[in-house]
Amino acid sequence: MDENTQEPKKLNFIEEIIENDLASGAVKSVMTRFPPEPNGYLHLGHAKSICLNFGLAQKYGGKTNLRFDDTNPSKEDTEYVDAIKEDIKWLGFQWDKERYASDYFDQLYEWAEDLIKRGLAYVDDQGQEEISKGRGTVEKPGTDSPFRDRPAEENLQLFRDMKAGKYADGEKVLRAKIDMASPNMMFRDPILYRIKHESHHRTGDKWCIYPMYDYTHGECDSIEHITHSICTLEFDVHRPLYDWFIKTLGIWPSHQYEFARLNLTYTLMSKRKLLELVQKNLVSGWDDPRMPTLCGVRRRGYTAEALRMFCDKIGVSKRDQLMDIQLLEWCVRQDLNERSNRYMCVQTPLKVTITNWEKGKVEWFDCPLNPADPDGAKRKVPFTGEMYIEKEDFMEDAPKKYFRLKPEGEVRLKYTYIIKCEEVVKDAEGNVVELRCSYDPSTKPGVGEWRSVKGTI
RNA sequence: UGAGAUAUGGUGUAAUGGUAGCACUACAGAUUCUGGCUCUGUCAGUGAGGGUUCAAAUCCUUCUAUCUCAACCA
């Protein structure tokens with residue numbers, strides 16, 4: 001179809017937001033980010049996010065940063081960082097800047113002190129269980145921590161001591177002072193920092209306190225001037241908090257938008273569970289061809305083009321999405337059909353003897369590697385007096401709609417002659433062990449009139 | 001019995017007050033030097049009730065269903 005006469009594709013809801021923002025001048029250009037946590041390999045669900053984030057920026061002349069959300073050293077590793085980068089490149093995208101949440105640890109810390117000084121954050125000595133209890137439930141408001149009203153000076157000292165390593169893991173946390181009775185659980189004094197005496201894959205032992213996701217993500221977006229921070233639906237209750245930090249800190253106003261994550265029928269799409277399969281050796285690794293990881297489907301033979309086509313077709317919305325895996329497979333077939341070479345093999349052989357073939361003669365035929373490109377590359381296939389066909393390609397008592405070989409039946413051996421089954425040879429048990437056939441010399445491809453038969457094997 | 005989000009064929013996704021369209025699936029047929037591809041056709045949808053309007057998937061209203069949130073995970 002002519003590109004120019006093609007109807008413009010309908011905008012998805014995020015594209016609409018972007019076009020409005022661009023038109024109203026709310027943003028000058030588009031900046032997105034893809035923010036994986038380096039704690040596992042990328043899977044098909046990430047492909048959707050990658051295509052969206054990079055695709056949007058591409059479409060509107062913007063850029064996309066790759067930012068690793070590495071705020072939890074106990075789960076993260078450089079092995080994952082490398083694999084993630086490789087997979088994104090393979091999918092066909094190039095990021096602008098490579099960044100890490102850990103690049104901003106100093107800035108984040110400074111802002112935390114700022115919040116403390118302004119009476120908006122406090123150090124809580126309660127243990128995990130007490131904090132959890134104090135948070136209340138979705139239906140019942142929480143209660144204030146007994147440490148909530150510590151003076152700013154004391155909080156500052158305590159926080160600096162936390163950073164200096166004076167306390168053990170879990171002994172203290174830094175919390176934002178917002179509203180323990182908020183109907184949104186996210187506002188019930190969320191934890192900003194926790195103590196973890198653990199080595200970080202990038203910052204080593206510099207830190208023993210690490211920021212939490214909610215405190216980190218919006219600020220990182222802001223620092224990088226991300227205009228459209230696109231994430232999955234489950235984060236929508238986090239958005240008010242995301243906005244709260246940006247507003248309270250008075251920093252560059254990034255905005256978050258949510259879309260439905262991709263689910264596939266018959267497919268496990270949880271990093272946690274995929275990790276379990278790997279750790280329990282139930283699969284040979286992250287790139288086991290049965291895995292829905294990008295490296296897994298790549299090994300399986302899926303192409304990046306097919307994946308991009310799939311992501312383009314599934315659309316973007318806020319409805320929970322459970323895609324039929326058959327659409328993915330259709331995309332893969334579509335792409336592979338055009339580009340893959342064809343070869344033949346026989347898995348369960350049945351001997352065929354050509355009775356009227358000159359003994360010892362070998363005739364070579366040129367077979368196109370891809371039938372869609374008959375003038376393209378060829379390979380040579382020999383035709384001799386003794387060959388093997390797939391056992392399934394012969395039936396003694398064939399139903400009407402069976403188009404392959406049967407007694408007295410004709411079939412073309414692909415790219416070569418038509419043969420006719422003259423005699424069926426059986427062993428003592430009555431199993432078919434050999435077919436004695438004649439070939440029709442007049443059916444040589446490219447010579448004389450083309451004769452069609454129903455079956456080609 | 002909290003807050004937020006979402007409801008269109010089996011699955012996804014369009015239609016932004018004016019003919020409910022497209023893709024995948026399924027089924028039927030045509031074609032075929034791959035029982036593939038391609039082509040044609042068929043089945044099939046606005047969660048429910050009320051209201052506004054000449055006209056409602058779309059606006060108003062009541063209800064229902066589903067998902068998310070109570071990690072010192074992201």
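Below, read A as the first sequence line, B as the second, and so on, with proteins coming before strands; counting in each chain starts at 1. As the structure is a prediction and not an experimental result, all values here were calculated from the model.
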What's the gap between [N] and [M] when it is taken at their [atom1] atoms, as a whole Å value?
| N | M | atom1 | result |
| --- | --- | --- | --- |
| A48(B) | C27(B) | C1' | 31 Å |
| U38(B) | C43(B) | C1' | 22 Å |
| G18(B) | G12(B) | C1' | 26 Å |
| U52(B) | U61(B) | P | 15 Å |
| U16(B) | A57(B) | P | 13 Å |
| G4(B) | U62(B) | P | 14 Å |
| C73(B) | U66(B) | C1' | 25 Å |
| A7(B) | U46(B) | C1' | 10 Å |

State whether [X] places a side-chain N or O below 4.0 Å from either non-bridging phosphate oxygen (OP1 or OP2) of [N].
| X | N | result |
| --- | --- | --- |
| Ser452(A) | U32(B) | no |
| Arg261(A) | C67(B) | no |
| Arg188(A) | A70(B) | no |
| Ser132(A) | A70(B) | no |
| Arg342(A) | C37(B) | no |
| Arg67(A) | A74(B) | no |

Cationic N near anionic O, under 4.0 Å, [X] to [Y]:
| X | Y | answer |
| --- | --- | --- |
| Glu98(A) | Lys85(A) | yes |
| Asp103(A) | Arg67(A) | no |
| Asp106(A) | Lys206(A) | yes |

Between [X] and [Y], is the ring centre distance below 6.0 Å?
| X | Y | value |
| --- | --- | --- |
| Tyr302(A) | Phe310(A) | no |
| Phe105(A) | His200(A) | yes |
| Tyr193(A) | Tyr215(A) | yes |
| His238(A) | Tyr242(A) | no |
| Tyr439(A) | Trp357(A) | yes |

| field | Nearest-0.5 Å distance that lies between atom CD1 in Ile84(A) and atom NE2 in His46(A) | value |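 The distance works out to 7.0 Å.
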| said: Which is it for A23(B), anti or syn, if anything within 90° of zero counts as syn? | reply: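 Judged by the O4'-C1' to base torsion, A23(B) sits in anti, the angle falling more than 90° away from 0.
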With respect to the side chain of [X], which nucleotide from [options] is positioned closest?
| X | options | value |
| --- | --- | --- |
| Lys75(A) | C73(B), A74(B), G12(B) | C73(B) |
| Tyr213(A) | A74(B), C73(B), C72(B) | A74(B) |
| Arg333(A) | C72(B), U25(B), U11(B) | U25(B) |
| Leu327(A) | A23(B), C73(B), C33(B) | A23(B) |
| Glu139(A) | G10(B), C69(B), G2(B) | G2(B) |
| Arg135(A) | A71(B), C33(B), C73(B) | A71(B) |
| Val138(A) | U34(B), C24(B), G2(B) | G2(B) |
| Gln326(A) | U25(B), G35(B), U34(B) | U25(B) |

| said: Assuming nearest nucleotide by heavy-atom distance, tell me which of Pro211(A) and Ile457(A) is located more 5' along RNA chain B. | reply: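 Nearer the 5' end of the strand: Ile457(A).
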| request: Give a yes-or-no answer on whether the side chains of Tyr41(A) and Glu79(A) include a donor-acceptor pair shorter than 3.5 Å. | output: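 Judged by distance alone, the side chains do pair up.
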[N] pairs with which nucleotide, Watson-Crick or G-U wobble, both distances below 3.5 Å?
| N | answer |
| --- | --- |
| G9(B) | none |
| C59(B) | G51(B) |
| G17(B) | none |
| C27(B) | G41(B) |
| U32(B) | none |
| A70(B) | none |

| query | Counting only non-hydrogen atoms, which of residues 439-451 of chain A are less than 4.0 Å from RNA chain B? | reply |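 When residues 439-451 of chain A is checked for heavy atoms under 4.0 Å from RNA chain B, the hits, listed by number, are Pro445(A), Trp450(A).
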| task | Let me see the working for Asp21(A) and His228(A) under side-chain contact (heavy atoms from CB on, under 4.5 Å), right down to the final yes or no. | result | CA-CA 10 Å; Asp21(A) 286 348; His228(A) 302 266; 2.8 Å; yes
Atom pairs, N/O to N/O, protein against nucleotides 3-5 of chain B, distance under 3.5 Å?
residue : atom : partner   : partner atom : Å
G4(B)   : O2'  : Asp236(A) : OD2          : 3.2
A5(B)   : O4'  : Asp236(A) : OD2          : 3.2

| task | Hey, could you give me each pair passing side chain to side chain donor-acceptor pair (under 3.5 Å) that has a residue in residues 363-372 of chain A? Not counting sequence neighbours. | result |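 Passing the test, one end in residues 363-372 of chain A: Glu363(A)-Tyr417(A), Glu363(A)-Lys444(A), Asp366(A)-Lys380(A).
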Touch check for [X], heavy atoms < 4.0 angstrom, all strands: base, sugar-phosphate only, or nothing?
| X | result |
| --- | --- |
| Val316(A) | sugar-phosphate |
| Glu16(A) | base |
| Gln334(A) | sugar-phosphate |

